[in-house]
Protein chains: 4
Amino acid sequence: MNLDLVIKGGTVATASDTFAADVGIKDGRIAALAAELDGAETIDATGKLVLPGGIETHCHIEQESATGAMTSDDYYSGSVSALYGGNTSFVPFAAQHRGQSVADTLETYHARARKSVIDYSFHLIITDPSEEVLKEGLPAAFRQGITSFKVFMTYDKMIVSDEMMLDILVTAREHGALTMVHAENNALIKWMVKRLVERGHEAAKYHAVSHPAAAEAEAIHRGIRLATFVGAPLLIVHVSTDEGARLVAKARQEGHAIFGETCPQYLFLTHADLDRPGAEGAKFCCSPPLRDGKTQADLWRHLQAGTFHLWSSDHAPYRFDETGKLAAGPNPPFTKIANGMPGIAMRAPLLMSEGVNKGRISLNQFVALTATNGAKLFGMHPKKGTIAIGADADIAIWDPAAKRTITAADMHDAMDYTPFEGFEITGWPETMITRGRVALSGGTLHAARGDGAFVPRAPFDFTGYTAPPPAELDPANGFGVALID
Amino acid sequence: MNLDLVIKGGTVATASDTFAADVGIKDGRIAALAAELDGAETIDATGKLVLPGGIETHCHIEQESATGAMTSDDYYSGSVSALYGGNTSFVPFAAQHRGQSVADTLETYHARARKSVIDYSFHLIITDPSEEVLKEGLPAAFRQGITSFKVFMTYDKMIVSDEMMLDILVTAREHGALTMVHAENNALIKWMVKRLVERGHEAAKYHAVSHPAAAEAEAIHRGIRLATFVGAPLLIVHVSTDEGARLVAKARQEGHAIFGETCPQYLFLTHADLDRPGAEGAKFCCSPPLRDGKTQADLWRHLQAGTFHLWSSDHAPYRFDETGKLAAGPNPPFTKIANGMPGIAMRAPLLMSEGVNKGRISLNQFVALTATNGAKLFGMHPKKGTIAIGADADIAIWDPAAKRTITAADMHDAMDYTPFEGFEITGWPETMITRGRVALSGGTLHAARGDGAFVPRAPFDFTGYTAPPPAELDPANGFGVALID
Amino acid sequence: MNLDLVIKGGTVATASDTFAADVGIKDGRIAALAAELDGAETIDATGKLVLPGGIETHCHIEQESATGAMTSDDYYSGSVSALYGGNTSFVPFAAQHRGQSVADTLETYHARARKSVIDYSFHLIITDPSEEVLKEGLPAAFRQGITSFKVFMTYDKMIVSDEMMLDILVTAREHGALTMVHAENNALIKWMVKRLVERGHEAAKYHAVSHPAAAEAEAIHRGIRLATFVGAPLLIVHVSTDEGARLVAKARQEGHAIFGETCPQYLFLTHADLDRPGAEGAKFCCSPPLRDGKTQADLWRHLQAGTFHLWSSDHAPYRFDETGKLAAGPNPPFTKIANGMPGIAMRAPLLMSEGVNKGRISLNQFVALTATNGAKLFGMHPKKGTIAIGADADIAIWDPAAKRTITAADMHDAMDYTPFEGFEITGWPETMITRGRVALSGGTLHAARGDGAFVPRAPFDFTGYTAPPPAELDPANGFGVALID
Amino acid sequence: MNLDLVIKGGTVATASDTFAADVGIKDGRIAALAAELDGAETIDATGKLVLPGGIETHCHIEQESATGAMTSDDYYSGSVSALYGGNTSFVPFAAQHRGQSVADTLETYHARARKSVIDYSFHLIITDPSEEVLKEGLPAAFRQGITSFKVFMTYDKMIVSDEMMLDILVTAREHGALTMVHAENNALIKWMVKRLVERGHEAAKYHAVSHPAAAEAEAIHRGIRLATFVGAPLLIVHVSTDEGARLVAKARQEGHAIFGETCPQYLFLTHADLDRPGAEGAKFCCSPPLRDGKTQADLWRHLQAGTFHLWSSDHAPYRFDETGKLAAGPNPPFTKIANGMPGIAMRAPLLMSEGVNKGRISLNQFVALTATNGAKLFGMHPKKGTIAIGADADIAIWDPAAKRTITAADMHDAMDYTPFEGFEITGWPETMITRGRVALSGGTLHAARGDGAFVPRAPFDFTGYTAPPPAELDPANGFGVALID
């Protein structure tokens, strides 16, 4: 066995195991794991953690927002930042405009993504589930290995109705695709916004007031109801409330393929950050909004207990200037502040520091939350998301003891701020390997524009989820009819 | 004390007590309760139950349906049928057409109601909560004593959006009005209907399939969420599922003014009735639809446990002929069958027979469910809904041992069928007294067209409900603002 | 109708209704209710509330404690204090010593009770459910109208094992008796006490620490499980935790005859009172112990929502001297402080003031919680607990506007303190009528020693409770056998 | 790298990953995983699954029962049978007799276990938690690597009181040991047995009636309450009811280290098996008893959803003859039938066939449930329970397509029956490797008596469980004291 590269002396971890081993790589794949290996090249990982490269499955890259603003990060800067943050693949969104065909949409994003330094796929955002989209566009997308999409229950320009959502979910079920949903009750938010604005409450902090916990809880309940009715899998993204998380856990306990994701901002920031002086609060506007301290503790508990399968950044980079957060002026009303914040580079380091190093979660949970679970849910496993023979050699070598103070300059994105500025953390991904190539080491980027490749993905795997169909669709009740083919 | 009329020798029951007493009436009101009373006239009630006259708070009388069809019962036949069924007041709906003013709507219904033989009020159905309706129409209605309204979360011609519902609920809260809601997820129903029709499943029995339990559970959850968010009272009408009932009970246990109602059809009939031969199933089309045997048992349990405050008929009379159920032909597809069934005359007798006489509920629960609770929730108590000094002498004298076989002819409505045809029951309201007058006795109607009068009603009484406002609106969290005046 | 006494001009309330009426009394019973009545004697109740006399169903009178100490109140002082507090009947405990026969026990208490100024019955405390007790003692007690008993899941001298409890519950079910239970996990308490004492934590405040909420929640769950297994009704007395209350509500929602009671001390005091200076904390030692502010709010919510049927004092009077609280010395360790506090005189006034007058509960809920529900659960209704024709004329005339500052001297018990000293309240029972006699007026006691009589009580009424038997006992499962006769 | 043995061409699976790899073994440990490996010896695993050897963590081997009967299997036959069933380690019980020291107990079992063909440890059964046991015996056991014990909430000869259980749990918490509990309410069972016997219901089928679901639900609730009160981890063994499983899931969702186990008999058999003709039912007597078909479906759902961490046999082998099941005669009353059934050889094959091969669970879930989770919970990971570099080479090579009809002769235990006789299954462990040695192949045993070794185990790892202490023990409430050191 002539290995191209050997990572020597490190501690390897997967979603289930932790062990000392050398990792041998050949032709871009993991070819050997052994106590002692030799190769053409070696990397000394003594005292280091050798982990599957992170897979960021929730980020907005080179995407026009609902209001038309383009994210500051394109596929180059976004992928570079992801890589610096311990990731070797990502799955940004390809967003359909209303009226646009799926083919057009994908073509646009394939073109944009070619400059990525890491491997990628897309989740298709569906805003217009026309007959054509459902019958031709989506099936064609699935055939090319894009087996997940996302819908919004809020934002006037993105929202799909409950009826559209049923059509989408049933299509997903038929093809084994996973639907992601941004679940907030649009009406409740709009109603709050109207009342706030009428009363002159337009400071950034009112963004949190305008997006109450009830809006999330209601929409998560409704989304789960619709999904379980047709037997389709559903991923609730960026869950930010205890109640929302409980609904996810309950549905899965009942046998349904319902999943949840949360994000660092909900565990490390609060709505008090929206009340920072001057326009600073604008940096912290995202939806769902930041909550309170009790919720932070609740979400940690759900993260530990396995309620959430995914820990994602929801990286949505709008600069703190007139191209982004301040487009509507130097002191914008909360209604005119682009929603979202950057974080693709800090997702994994924050969890390593505050989760693993503080003893809240195990290293295996870290791997599952940042890499393996995403790979499994989105059909990239075992090619991605693990350290196993035959898997792509996508590896992050972490120094678990490295101390850093977070600052925007270290993010390597196209942003001018990080919401985590000044946080002191322990643990850092020092060396990144993508398909066997050293893409980053010693703080220096080696990967080149276009090194990343599109990753076709497999359908959703239903194994383990067998909730019964609703009584109305059960032939045993005498009325049952094959309503869902 | 010169009493006009004395009911002698009976057993009187209220929502809390049962006792032997003579009941003395003067000037249309209950003037005395005593072991022994004398009056100008007497009625012998030996061996009989002397109960508050029923108050039917959910019935459609002389009302155009969503599809424009007029109910077969007008205020004369409807009130006569109600009276024969043990009722002395009712509260039908005054339904706003989209674009119609509240004043116009009420004027129309006041005119129609003048022929009623029993006292009445209206619940205002709001389909178009314009600024004018919210700011002027409803407040004016409240000022004239119409302190309840109803909204629909389903039916394309009636549905209000979540945002409209919030506006309506907040208006209700400000004025102390009670909102009633028909809670079914419209999208889920339409989606099912479409798939059923596409597959040629158009028989009446598919009506039940098209309105799944999930549609009710989802909408009840959403309705409760919206109401509790703004702190408004809400009555979920015709709850037909265990899950829906549990949501109602849970909300009230948490301190919210959330109430539930169920109807005889959900306890005595099942979706199997929709599968009767020929077009017979059309008689049993109502929404929410009839469910199954397990659900019947669940609803009995909730009725016993106090989950439901109201037992109503949802009388929605469409004849089994071309003016009603068969308007679309002799064998209509379920999508073209008018929704609803008659029942105003059987509501109380069925509960007396199967509830009280079979030992499932107490006589006091019967009084509460058929009269007192409705009077209290809708601001008619203590004038209506009880036997107490000063209350209107609205009294039903029941023979608890009378046996009857239910048949359409005994209903005295303008209908040609009853869904309970052939049921054998025990207990019957033999003599009815309205404001001190014998309105019905020995099967003979004495009341005259127009004997009924409009009853102005008091605002909703919040005593006993003190759930905290949502965290977003709590000043203590630092963001609280007076969003709800 | 020659009435002996008429209460004129007041506002009468029952558990369901409130109305203006004169109340006519003849031969000790309520004979007439009317707008205007004349009688041999009259009481002017203008501006006053005319309510059913309270029924105190949880109090320890002339009873030896588990440790042998006699309560300070005997049937004379206890009944006088009860009367001053708005009560016209009470049901103290007749406590079996281990080895003692039921007949002996009852004889002892019948003798003691003869000096009562108000009507009475007994709940039998069972500490030794021998074959003889179960087969002969209890049935004989039931035949004489003592249809409730109480068991303890804690206190080494009182505790019954789970197996004994099943025997008792099944006996209760067979005879229609209601079992009351003090539900705290004895082992958990003893274990905590041991650890506290080992560490030298013996101040009064550690009493609260030693009786954790978990001990109550565990025992309530277990008690409910045992009762529902055999289908017996069960009343959880003095529920002091949100979790305990939720368990009660859940069981009843599922159709079981499970009831809850709470007491003023849990809504008006907290464990901080146990930390008052010097030995003062001893005054506040009771079990379950006082909890915290959040729990107070929780219990109010459960009181409003109907979780609890009863509002009782758990009057357990031990003086703050060497005969009572300080028997073990001037600064006793919490393990040697007699458990309990006085409150029979303040139960109703506190609820009137803080419940009714502050708008938290309705006047009808007040009547239900202090009189009617107890009468119903314990088989005294309709003779007791309401204002209805034929009922005993047991009436409390309240001045709803009277202001008082609570002080021990006004309690008229044999105690030297009240835990509510200094509380300012609104509403006071000014005139008390027992079986038609003015027993108290203008602060002066008119009732004489021995005016009270024993009240035989009816069996528990199962109407409204129909939870299915456990699957193991259901003949339908093929194994069913008549294990419970 | 000179490998001693290479398993070539198989599909390797861990609890998280599945991949094609050769597995290289050296010095009894897994030394290499690679696409292609060479070694001194090779095993062809083409088309086979190469899995971590099973770890049976719930079995009774060479143990006297509560009634003194010795299990039919000693450490030789028991370990051989386990090996044939795909296991490479097991953890039987070392059962303390009352009065016996921990040291004595362990010495006895160490002596017995020396004949095992597979590696082993013991869970210590504590029946007598004396001061000496708690302060010296258990700590000494922990120091030698026995870091789990078991208590019984039932069986008169084994039962520990709640107070003892608290002492044990706190000791476990202090030392990082995991407590296992047999959770059934002893009183409820005894009470049922007494009534059944009194009525002459003594056939085997009444065993199920005598152990109602309520007994399990109550005890699981109580056990969880006690464990969470002191913050100790707890494993509920052989959960046999939906309600019990829900309690486990709820506790873990709240952040507590509470775990559940279920067994094949509860998913594949029902109480109907207890009603087989003649004395056959005796074969199916175990506690908790077999339940019904609905429960089977519930338990599958919980297994899929991750409620249970462990899938164990609870192998408790008593022969169907006068040494075992029929000791009390040829047709014994259920009260005299030894509880338990054999199954150590069928645990894994049944789950492979009905779980993995029927698509209910993934292969990774199979590995987790049969090997990895047990290794982790019981401190044997990563030495045992996985295929990773450095782990013991304990490997089971399965033919996933092999078809078998289960029959007692194939079990290789000392039993004369299997409860799964005649079941047709797919998937069989063909070759077993223990610490690098081929212990079994082609149906032939190669392992020798005594090949197994004692495995010292690490303490319980609390990472991921951070539920707050009970309010009473929280210093923040002003009463908090260090009651738990």
Side-chain angles (χ1 to χ4, degrees), chain B residues 1 3 12 14-22 24 26 29-37 245-246 249-250 252-256 297 300-307 356 359-365 367-368 372 376 381-382 385-391 461-468, chain C residues 1 3 12 14-22 24 26 29-37 245-246 249-250 252-256 297 300-307 356 359-365 367-368 372 376 381-382 385-391 461-468:
Chain B
M1 199 162 34
L3 296 167
V12 178
T14 68
S16 67
D17 298 301
T18 306
F19 52 92
D22 288 1
K26 190 171 173 60
R29 298 196 168 197
I30 294 167
L33 293 163
E36 192 81 43
L37 289 171
R246 285 175 184 267
K250 180 168 179 285
R252 206 161 57 246
Q253 190 187 324
E254 288 168 358
H256 300 290
W300 268 116
R301 197 187 69 239
H302 284 293
L303 202 68
Q304 295 176 305
T307 302
V356 178
R360 289 188 178 111
I361 61 169
S362 70
L363 185 57
N364 309 111
Q365 284 177 295
V367 172
T372 316
K376 288 184 176 177
H381 191 260
T386 191
I387 291 181
I389 306 306
D461 180 1
F462 271 100
T463 307
Y465 305 99
T466 55
Chain C
M1 199 161 35
L3 296 167
V12 178
T14 69
S16 67
D17 298 300
T18 307
F19 51 95
D22 289 2
K26 190 173 175 59
R29 298 195 168 199
I30 294 167
L33 292 163
E36 191 81 43
L37 289 170
R246 285 176 185 268
K250 179 167 180 286
R252 207 162 56 245
Q253 190 187 325
E254 288 169 358
H256 300 290
W300 268 117
R301 198 186 67 239
H302 285 294
L303 202 68
Q304 295 176 306
T307 302
V356 178
R360 289 187 178 111
I361 62 169
S362 70
L363 185 58
N364 310 110
Q365 283 177 294
V367 172
T372 316
K376 287 184 177 178
H381 191 261
T386 190
I387 291 182
I389 306 306
D461 180 1
F462 271 100
T463 306
Y465 305 98
T466 55

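To find a chain, count down the sequence lines: A is the first, B the second, and so on, and within it residues start at 1.
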Distance check, rounded to the nearest 0.5 Å: [X] atom [atom1] versus [Y] atom [atom2]?
| X | Y | atom1 | atom2 | value |
| --- | --- | --- | --- | --- |
| B:Asp461 | B:Lys376 | CG | NZ | 9.5 Å |
| C:Asp17 | C:Leu363 | CG | CG | 11.0 Å |
| B:Thr372 | B:Ile387 | OG1 | CD1 | 9.0 Å |

Next on the checklist: So which residue, C:Gln253, C:Arg360, C:Arg252, ends up with the most heavy-atom pairs under 4.5 Å with chain B?
Outcome noted: C:Gln253

Next on the checklist: For chain B, which candidate among C:Ala297, C:Gly359, C:Gly24, C:Pro382 shows the most heavy-atom pairs at distances under 4.5 Å?
Outcome noted: C:Gly359

Item to check | Residues forming a side chain to side chain contact (heavy atoms under 4.5 Å, CB included) with C:Ser362, sequence neighbours excluded | outcome: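 Counting only residues at least two positions away or on another chain, C:Ser362 forms a side chain to side chain contact (heavy atoms under 4.5 Å, CB included) with B:Thr463, C:Asn364, C:Gln365.
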
Please look at [X] and chain C and tell me whether the side chain, the backbone, both or neither of the residue comes under 4.5 angstrom of a heavy atom of that chain.
| X | value |
| --- | --- |
| B:Leu33 | both |
| B:Lys250 | neither |
| B:Arg246 | both |
| B:Ala15 | both |

Checklist entry - For C:Val12 and C:Ala21, which heavy atoms make the closest approach, and how far apart are they? => result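 Looks like CG2-O, 3.8 Å.
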
Checklist entry - Of the non-hydrogen atoms in B:Ser16 and C:Thr14, which two are nearest, and what is the gap between them? => result OG-OG1, 3.8 Å

Next on the checklist: For the interface with chain C, which of B:Ile361, B:Thr18, B:Val367, B:Thr386 has the highest count of heavy-atom pairs at distances below 4.5 Å?
Outcome noted: B:Thr386

